[in-house]
Enquirer: 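Pasting a structure below so you can have a look.
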Amino acid sequence: MEKFKKIVVSILMMIVWGVLFAMVIPMKSVRGQVVTVLICLIINSILAAYYSCIDRQPASFREWLKM
């Protein structure tokens, strides 16, 4: 089950990057580009944190940082 979750999370991360590039390239507003990039980075950071916790479920944030 963990392998399936990792595959799904990896696919979701690639979709987020695809949506990022699809939205930013035609966008004319610099402010809109910056906000879009920040939102996509936040979403990918959350997905990356979840990806790192799939195999091992740390009890606290400190244990997660030690891994």
Enquirer: Is there a side-chain contact between Met14 and Ile11 in this structure, where contact means two heavy atoms from C-beta onward sitting under 4.5 Å apart?
Expert: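 The answer is yes; the side chains approach within 4.5 Å.
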
Enquirer: Hey, could you give me each pair passing salt bridge (Lys or Arg N to Asp or Glu O under 4.0 Å) that has a residue in residues 4-25? Not counting sequence neighbours.
Expert: Lys6-Asp55

Enquirer: Please determine which of Ile15, Val9, Val8 meets the side-chain contact (heavy atoms from CB on, under 4.5 Å) test together with Leu47.
Expert: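 Going through Ile15, Val9, Val8 one by one, the side-chain contact (heavy atoms from CB on, under 4.5 Å) with Leu47 is satisfied by Val9 alone.
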
Enquirer: Tell me whether Ile43 shares a hydrophobic cluster with Tyr50, the cluster being built from Ile, Leu, Val, Met, Phe, Trp, Tyr side chains joined at under 4.5 Å.
Expert: yes

Enquirer: Are Val16 and Ile42 linked, directly or through other ILVMFWY residues, by side chains that come within less than 4.5 angstrom of each other?
Expert: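 They do not share one cluster, since no chain of ILVMFWY contacts under 4.5 Å joins Val16 to Ile42.
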
Enquirer: Side chains of Leu20 and Trp17: does their closest heavy-atom pair fall under 4.5 Å?
Expert: yes

Enquirer: Under 4.5 Å between side-chain heavy atoms, hopping through other hydrophobics if needed: is there a path connecting Val37 to Val30?
Expert: no

Enquirer: What do you reckon, is CE of Met13 surrounded by more than 12 foreign heavy atoms closer than 6.0 Å?
Expert: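 Check passes, neighbour count above 12.
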
Enquirer: Should Ile25 and Leu41 be counted in the same cluster of Ile, Leu, Val, Met, Phe, Trp and Tyr side chains packed under 4.5 Å apart?
Expert: yes

Enquirer: Locate the shortest heavy-atom distance separating Gln33 from Met27; write the atom from each residue and the value.
Expert: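 Shortest heavy-atom separation between Gln33 and Met27 comes out as NE2-O, 2.9 Å.
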
Enquirer: Show the nearest heavy-atom pair for residues Tyr51 and Ser10, with the distance to one decimal.
Expert: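 Answer, listing the atom of Tyr51 first, then Ser10: CE1-OG, 3.6 Å.
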
